Amino acid sequence: KNNNFYHNVFAFSAPILLCLYYFFPVCKIEVPERLTVSHEALIKTGLADRCISVPVREATDADILLVHSEEYLEAVKKTPYMTLEDLQEFTLQYGDVYFHPNIYHCAKLAAGAALQLVDSVMTGKVRNGMALVRPPGHHSMRSAASGFCVFNNVAIAAQYAKQQYGVKRVLIVDWDVHHGQGVQYCFEDDPSVLYFSWHRYEHQKFWPQLKESDYNSVGKEKGAGFNINVPWNKVGMKNSDYLSVFCHILLPVAYEFSPDLVLVCAGFDSAIGDPEGEMCASPDIFAHLTHLLMNLAGGKLCAVLEGGYNLTSLPQSVCQTVQTLLGDPAPRPANLDGPCESALESLHCVRSAHRQYWSCLKHMTFIFTASSNNSLLLSPAELPTSDVTTKRIKLAEEEEDKLKKVEEEKNAEEEVWPEPPKRVAPAVRTALVLPNDVACPDGCKHVNTSQVCLLVLLQGCSDVSGFAQAVLGLLLPLGYEYDPSLVLLARTPDSGLCDSVWQQLTGLLQGIAQGHTLVLMQVRRRRRGGSISVYLLLHFWGGLDRWQVF
Ligand SMILES: CC(O)(O)NCCCCN
Ligand SMILES: [Zn+2]
C-alpha cells in the first residue's frame, strides 16, 4: 500500500464529494474509512510490520480487457471529464453504483493491486497475501458496473494468472455476503475456474435478486459443475453454518479440483454486525476459513477485499485473515453448535445439484436428517427425494415468516460481540525429538525426551475421495466441534497413507487446538535386534486441558 496515494485521493476527492453530495447521494456504507480502519488495525496489532508492502500499480487497458468489453472501458474512461449531470446520467444506467470523477483512477488501482499480488505470489516473492482495495469488484460485469463495483478485480486476476503464468486451474472462493454475479457470468462456461460463492439470498428476495444466484446455477456447457452457489435463505448464519459448508461442500470439491492458485473474494459483510449481511459469524471464523484454504494450491492464496461495512467487525476480520496468512495458529472456534436447518437445506440442495459433477459428492453417504441434526457432522440417512426437499423448503419458508418479526426486532438492536481472542505464537513453531545419536536438522529445536507424551496410530485413506470422506467429512467437523487442546497424530510405515494425504492431514488439523499438534512418525531402521527407532515431530505450546486422539 502506498500511503501518499490515500492522502492524494482524500485531498482531491474531498471537495468533489462535497459538491457531489449536493447533487445526488453518495454511498453511505462503501466509505474510505473502510480502508483506513483496516490499515490502522493491521498497524496497531503489529501485523503490518510482519508483511511486506507491495506497491500498487494501475491496471492497464489490456489487463481490464481480459474481462471487460472495449465499449465499457471506453465509457468509464470518460467519467473523470464528465459534467455532474453527465456523471449522474452515466451512474443511473447501472444498479447500486456511485461514480465520481476519481473512481476510474481508483478502480484501476484496485485491479492493479490484485495483479501485483498475483505477481508476488506466482513469482514466489511471497507465499500469500491480501489486497485491501476500493472499489470492490465481484459484481461488475463485462459491460456493466454494479453493487459499488467498477472493474472485476478478482476475475481480472484469475484471467491474468492464466495468461501470464500458465495457471491451469484457479479456485475463486467468494465469502462476501452478496453473490458475485460478475464473477459467475465471467467463468460460467470455463472449467479452468471453479467459482464458489455463498450469499444472502432469502429465496431471491435479497439483492441482487437473481434467479441465477440459486444453488441450481451450476455453470454452463464445459463449465457445468464449476459454479457453486450456496444461498443463505435466512439471516443470522453462524460459524457452524460456515464451517459445515466448507467441510461438506467446498473443501471436498476443491481437493478434487486441485487448483494451482486460490483467489478469495474476501468480503467481510458476512461477519456479525454488518448492516448488509445481518449474519452472526464472529470475525475469528475468517482465521479458520483462511487456514482451511491455505492447504490448497501449495499455499498460493491471494485475498482481495470486496465488501464489509461495519467499521468494527471489518478490521477485526481483516486482522484475523492476515494473521492466519502469516502462519499463526487459528484461535479456538467460538460456539460451534451445528448448522441451522436452513443452512442444512441449502447444503443438501447444493450437494444434490453437484453430485453428478464431483465424485467426492457422489460417494459421500453423509446426508443430513435436518430435524435431528445438531452437530457439524452430517448423520448418514436415506437420500431424501426432491419433493421432500421442496416440502422442507415450504416448511422453512413458513417457519421463516413466523420468525421474521423476531429476527427484525433482534437485528434492530446494535449487535455486540466479544473482541477476538489474542493469538500468540512462540518463536519456535516446531521441535523435533530425536534419538540422541541423530543430529537435529536445521531450523528444529532439540526437546528433552522426558517431556514426550504417547500417541495412537492412524489407519486410513490414501486416495482423494477416501481422504475427502474420512478427513473433510468426518475428522475435521468432529475436530472442530470437539474443540480439543491437543491433536495427536501418528503414522506407521504400513498405514497406507501417501505423503500428499499425510501432508494435507497435518496441515488441516493445525486449524484445531490452536495448532497444538503432536505427530509420531514411526520409522523402521535396520538394526541387529530388528528394533525400530521412533521420531516425534513436536508442534506444541501453551497450556492444555483437552486432548484429541487420532
Ligand atoms: C462488494 C459488495 O458485495 O459488498 N457490494 C454490495 C452491494 C450492495 C448493493 N445493495
Ligand atoms: Zn458484499
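Note that these values count all heavy atoms, side chains included, but never hydrogens, waters or copies made by symmetry. Owing to the predicted nature of the structure, the values given are computational and were not obtained by experimental measurement. Atoms within a ligand are numbered from 1 in the order they appear, just like the ligands themselves.
Protein N/O/S atoms nearer than 2.8 Å to the Zn ion (ligand 2) total 4.
Under the 30°/60° scheme for interplanar angles, the aromatic rings of Phe257 and Trp358 are found to stand perpendicular.
Although no hydrogens or angles enter the test, the distance criterion places no donor-acceptor pair under 3.5 Å between the side chain of Asn239 and the main chain of Ile285. Within the 3.5 Å criterion, the main-chain N or O of Asp176 finds no donor-acceptor partner in the side chain of Ser270.
Here His288 contributes atom NE2 and Cys247 contributes atom SG; the two are 11.0 Å apart, rounded to the nearest 0.5 Å.
In this view, His179 and His199 satisfy the ring-ring contact (aromatic ring centres under 6.0 Å, His included) rule, not counting sequence neighbours.
The immediate protein surroundings of ligand 1, defined as residues with any heavy atom under 4.0 Å of it, consist of Asp96, Pro136, His138, His139, Gly147, Phe148, Asp176, His178, Trp207, Asp269, Glu276, Gly307, Tyr309.
Ring to ring, Phe206 and His178 are close: their centroids are under 6.0 angstrom apart.
Residues in residues 65-80 take part in these salt bridge (Lys or Arg N to Asp or Glu O under 4.0 Å) pairs, two or more places apart or across chains: Asp61-Lys77, Glu74-Lys77.
A salt bridge is absent between Lys125 and Asp119: the closest approach of a Lys/Arg side-chain nitrogen to an acidic carboxylate oxygen does not fall below 4.0 angstrom. Checked for salt-bridge contact, Arg169 and Asp190 miss the test: no charged N lies under 4.0 Å from a carboxylate O.
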